[in-house]
Amino acid sequence: NISLGSSATAVSNLLDHRVDITTPKVTVVPISEFTLGELEPAIGVEIKYVSGLEGSNIMLLKRSDVKAIVELLMGTEIPEEEFELNELTISAVCELMNQMMGAASTALSDFLGRPVNISTPQSFSLDDLEERRLAKTDPAMFLKLHPAPVLIDEVQYAPELFSYIKIAVDNGAAPGSYWLTGPQAYRLMELAQESLAGRTAILHMSALSQSELCGAMEVSPFSLELDGLQKRKALLSPATPNEVYQRIWDGALPGHRSGKYKDRDVFYSSYIQTYIDRDVTTDIPGVDKVMFADFIRAAACRSGQMLNLHDIAGDVGVSDDTAKRWMKELEKSGIVFFLHPYSNNLLKRTIKTPKMYFFDTGLVSYLTRYSSPEILMNGAINGAILENYVVSEIIKTYSNSAQDCLLHYYRDKNSNEIDLIMESDGQLHPIEIKKSINPPTQITGAFKLLDKASVPRGTGAIICLREALSAIDSSTYIVPVWMI
């Protein structure tokens, strides 16, 4: 009686309509004697208890009850001949049950003096054309049918939702009530800044990190503090050079690494085709799909190098302006990112061109046609793709912790170069990345160039294929790739 009373109140609030219930009557009925009888046709909804109680609740509603609920939600009557038990009406009943049982579990928790929880909120994707249509044409109804907490995927297809979510947040919706995801980070940020400024946290979700794939979920952002390196050593799994290149070649996209799609080549081929068909053609109407695919391949061949749009454009047969526009598309889609050179007033001879990297090295391996990790390890891009892997993995350790990472590289007009510079806590940490087990110590000679900078130089490192953590001296560590 207590739990159903709370459920009735929740339904009344949801429907904005008075709801009365009778005193519950409890009967134990053997399943062999149970029949739907006059309920048919009916909709059944099951919600399970996940803690506090064992079992589940099953609600059965006959067609006329479902019709009445949907009419109240929509604020209009539906002719009998037009009403159907379809995905939309079933979704409405599921959400009603979710609200009822949420209120009931809270009441039971208070009554029993212990936590009682039901199954997690259902998530909805706007890939579903019917859901997308409703979100665009009647966002208020969409949010009524899918009340918070809710995760909405592909939300960029329905920007109309954002202003309604803003209203809900301003009216007191709790933090974490709305999780909005989509593949186009720039577009999502534009939408969020227009309607949800000061009300959102924006998190970048790249491919899976090395630590996630190894099962280490509590790894902190990568740093060159010795205590932090020792903790990483204890948490992560050592890897031989062959195993490192296996990780590079396999890539880190969940669809393939989860085992859901076992054929790597088919997976990446489909990934590229779907990306071009769905995202690129939307952003660049009339784009030549074949030429854009060639453009991605030409870019992959130069991963880990300073960006030269003119050379890429020449390989594909497009103008420099087109190449610039297409590269911007790859960046906003989260396919590539750029590392900009470090410079200040005291370092005036530095190069200004950024270096380009891919977020997923498996995609680079596929596009550059390396058929095995062994061939990749001995191929022409073995050093560049290792550098790409290290830089992207360092960035993932920060983005997975919702932190910014200040990374640069250094190259001057005298060809002095430092692969990576991490700026943190008021210091510059120089890093060299080498495909070697025993890197020569003289490669750190360029580190001293940072002594001319206005920011003091901190601990440096060589990240390489050595399997154990070691050091050249107190200010320069040798860090295995697997420890990122």
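Throughout, numbering of the chain's residues begins at 1 and tracks the sequence. In what follows, every heavy atom counts, from backbone to side chain, and hydrogens, waters and symmetry copies are set aside.
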With a 4.5 Å limit on heavy-atom distance, are the side chains of Trp179 and Pro149 in contact?
no

Do Leu224 and Ile431 come within less than 4.5 Å of each other through their side chains, counting heavy atoms only?
yes

Mutual orientation of the aromatic rings belonging to Phe142 and His146 [parallel < 30°, tilted 30-60°, perpendicular > 60°]
perpendicular

Looking at Lys355 and Glu387, is any side-chain nitrogen of the basic one under 4.0 Å from a carboxylate oxygen of the acidic one?
yes

Indicate whether the side chain of Gln273 and that of Ser270 have a donor and an acceptor atom separated by less than 3.5 Å.
no

Pairing donors with acceptors under 3.5 angstrom, does anything connect the side chains of Tyr268 and Asp263?
no

Side chain to side chain donor-acceptor pair (under 3.5 Å) assessment of Asp473 paired with Ser475:
CA-CA 5 Å; Asp473 52 44; Ser475 63; 2.9 Å; yes

Going by atom types alone, do Tyr275 and Asp277 pair a side-chain donor with an acceptor below 3.5 Å?
no

Does the plane of the ring in Phe359 sit parallel, tilted or perpendicular to the ring in Phe337? Use 30° and 60° as the thresholds.
tilted

pair Ile165-Leu143: side-chain heavy atoms closer than 4.5 Å
yes

Any donor-acceptor pair under 3.5 Å linking the side-chain atoms of Asp153 with those of Thr181?
yes

Are any non-hydrogen side-chain atoms of Ile472 and Tyr477 less than 4.5 angstrom apart?
no

Value rounded to 0.5 Å, distance of CD1 in Ile385 from CZ in Phe358
10.0 Å

Would you call Pro430 and Arg457 a side-chain contact if the rule is heavy atoms closer than 4.5 Å?
yes

Students often mix this up, so state it plainly: with edges at 30° and 60°, are the rings of Phe295 and Trp326 parallel, tilted or perpendicular?
perpendicular

Taking only Lys NZ, Arg NE, NH1 and NH2, and the carboxylate oxygens of Asp or Glu, determine whether Asp170 and Lys166 approach each other closer than 4.0 Å.
yes

Should Lys324 and Glu329 count as an ion pair when the cut-off is N to O under 4.0 Å?
no

Asp250/Arg264 ion pair, N-O < 4.0 Å
no

Report yes or no: do Gln210 and Arg247 form a side-chain donor-acceptor pair below 3.5 Å?
yes

Would you call Lys233 and Leu229 a side-chain contact if the rule is heavy atoms closer than 4.5 Å?
no

What distance separates Ser206 OG from Ile335 CD1, expressed to the nearest 0.5 Å?
11.5 Å

Looking at side-chain heavy atoms only, is the closest gap between Glu467 and Glu243 below 4.5 Å?
no

With a 4.5 Å cut-off on side-chain heavy atoms, are Tyr357 and Ile395 touching?
no

Sidechain N-carboxylate O distance under 4.0 Å for Arg411, Asp419:
no

